Peer 1: 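Got a structure for you, questions after.
Atoms within each ligand, like the ligands themselves, are counted from 1 in listed order. What you are looking at is a predicted structure, and each value in this text was computed from that prediction instead of being measured. Positions are given from 1, in the same order as the sequence printed here.
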Amino acid sequence: MGSRERVVLPGATLGVLGGGQLGRMEAIAARRMGYRVVVLDPEADCPASHVADEHIQADYGDEDAARRLARAVSVVTFEVENVPAATLAAIEALAPVRPGPGALEICRHRVLEKRFLAGRGFPVAPFHVVESLADLEEGLRQLGPPAILKTAEFGYDGKGQRRIQSIDEAAAAYAPFAGRAAVLEAVVPFDAELSVIGARGLDGDFRAFPLLRNAHARHILDVTRAPAGVPLGVETRARELARAIAEALELVGLVTVELFLVGDELIVNELAPRTHNSGHGTIEAASTDQFEQHLRAVCGLPLGETELLRPFAMANLLGDIWGRQEPHWARALSEPGVRLHLYGKKEPRAGRKMGHLTALAASADAAEALVRRARSLL
Ligand code: AMP
């Protein structure tokens with residue numbers, strides 16, 4: 001099949017595995033461009049179900065449901081990484097999956113991801129693969145404490161991670177990891193955390209969004225701002241890294257590369273073959289937002305322009321800000337230049353991403369001050 005035949009034009013139906021906030025914003029972008037959307041997610045009232053044309057409520061391991069999704073759509077993409085390989089294979093037999101299962105397989109497993117990156121010469125923190133307590137002790141001897149132990153699978157927002165301060169802690173630290181593959185990493189003394197989101201089209205074209213600067217709180221992304229305020233050389237190298245990684249993964253769609261900046265040096269922390277929390281501000285601030293860019297890529301359409309129209313800052317809204325009453329939305333929105341996004345989640349739990357605020361201003365500093373003030377008014 002030539003690439004022309006594989007183009008999925010507006011009017012066709014997009015399938016999305018996973019119906020959280022990323023799936024919801026993907027569905028909004030798709031519907032804006034005239035696509036129909038079918039989402040598969042195990043949760044009855046998931047965020048994407050409110051905007052999709054159809055919601056197949058099923059577990060990711062349900063291959064019959066996956067086949068039903070594949071038959072109903074022209075192309076399938078995903079917002080979750082922990083989809084069983086058998087489900088992807090069932091879908092692939094009936095509809096294209098983009099990015100392909102190969103990229104997903106690597107990015108969902110820290111050991112495969114680290115080996116992929118290191119093997120191709122991409123800069124990563126020194127690491128040691130851990131499959132036993134003896135491996136952990138050997139790793140701590142080689143890398144030297146402090147070091148961070150991370151599960152290979154199912155880890156996100158700092159879950160499945162533990163910082164180890166001394167070799168005496170090894171046995172106690174290892175207990176929850178026993179029986180699972182893990183990676184021990186040297187602690188990187190970073191000056192900043194950055195991310196770069198790149199898109200690779202069906203024809204191999206590549207575009208990256210401007211570099212994003214991220215601040216975390218309790219291991220969860222808290223505030224993102226752009227421009228990142230780094231030297232031009234760093235920005236250029238980050239974009240080139242994203243391009244080289246996207247090409248090496250042969251992916252079609254978005255790839256997010258999470259980076260540590262140490263001095264002028266960039267170190268890759270993690271990859272995600274999808275849209276990313278740090279890119280939400282592109283909805284207001286870039287000429288094409290990350291969700292539309294992903295849609296364009298997986299549908300085989302030309303990629304959009306990625307330049308930043310205005311500096312922005314984005315602040316996550318976690319369940320923690322819901323007290324006994326609903327937050328004061330009107331107060332935050334009285335700040336000029338502030339936009340509210342809520343994901344339609346009913347239950348505000350601590351640490352749960354419920355929505356975000358985006359502020360546009362004349363500089364990233366001003367946008368960050370504005371978005372933090374708006375959030376504090378909630
Ligand atoms: P991750 O789940 O790998 O993205 O890690 C979550 C957060 O933990 C990162 O955003 C960093 O703030 C911190 N972190 C992870 N790995 C390291 C490392 N090797 N050195 C220092 N901080 C780290």
Peer 1: Does the residue Pro189 have a heavy-atom contact with ligand 1, meaning some pair of atoms that are separated by less than 4.0 Å?
Peer 2: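 The answer is no: ligand 1 sits nowhere under 4.0 Å from a heavy atom of Pro189.
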
Peer 1: Pick, from His216, Glu258, Lys150, the option with the minimum heavy-atom distance to atom 15 (C) of ligand 1.
Peer 2: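 Shortest heavy-atom distance from atom 15 (C) of ligand 1: Lys150.
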
Peer 1: For Phe190 and Phe260, take the angle between the two ring planes, folded into 0 to 90°, and tell me which bin it lands in: parallel under 30, tilted 30 to 60, perpendicular over 60.
Peer 2: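 Parallel: the ring planes of Phe190 and Phe260 meet at under 30°.
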
Peer 1: Is the shortest N/O to N/O distance between Ile148 and ligand 1 below 3.5 Å?
Peer 2: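 No; every N/O pair is 3.5 Å or more apart.
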
Peer 1: Is there a donor in the side chain of His50 and an acceptor in the side chain of Asp45, or the other way round, less than 3.5 Å apart?
Peer 2: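 Looking only at side-chain atoms, Asp45 and His50 do form a donor-acceptor pair, the distance falling under 3.5 Å.
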
Peer 1: Considering the heavy atoms of His219, write down every atom of ligand 1 situated less than 4.0 Å from one of them.
Peer 2: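 Reading through ligand 1 atom by atom, the close ones are 7 (C), 8 (O).
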
Peer 1: Asp320 and salt bridge (Lys or Arg N to Asp or Glu O under 4.0 Å): which partner among Arg349, Arg218, Arg352, Lys353?
Peer 2: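 That would be Arg218; it is the only one of Arg349, Arg218, Arg352, Lys353 passing the salt bridge (Lys or Arg N to Asp or Glu O under 4.0 Å) with Asp320.
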
Peer 1: With under 30° as parallel and over 60° as perpendicular, where do the rings of His280 and Tyr343 fit, or are they tilted in between?
Peer 2: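 Correct class here is perpendicular.
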
Peer 1: Near Val188, which atoms of ligand 1 are under 4.0 Å from a heavy atom of that residue?
Peer 2: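 Near Val188, the atoms of ligand 1 are 18 (C), 19 (N), 20 (N), 21 (C).
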
Peer 1: For ligand 1, which atoms sit closer than 4.0 Å to a heavy atom of Asn269?
Peer 2: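 Answer for ligand 1: 1 (P), 3 (O), 4 (O), 16 (N).
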
Peer 1: Under 4.0 Å from a heavy atom of Glu193: give me the atoms of ligand 1 that qualify, with their elements.
Peer 2: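 Near Glu193, the atoms of ligand 1 are 9 (C), 10 (O), 11 (C), 12 (O).
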
Peer 1: Please assess Glu26 against His294 for the test side-chain hydrogen bond (donor to acceptor under 3.5 Å, both in side chains), listing each intermediate value before the final yes or no.
Peer 2: CA-CA 8 Å; Glu26 193 62 59; His294 185 69; 4.7 Å; no

Peer 1: With heavy atoms of Arg110 as the reference, note each atom of ligand 1 found under 4.0 Å away.
Peer 2: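 By the 4.0 Å cutoff, the relevant atoms are 2 (O), 3 (O).
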
Peer 1: Using a distance-only test with no angle check, is there a side-chain donor-acceptor pair under 3.5 angstrom linking Glu258 and His276?
Peer 2: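 Note: Glu258 and His276 side chains meet the donor-acceptor criterion.
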
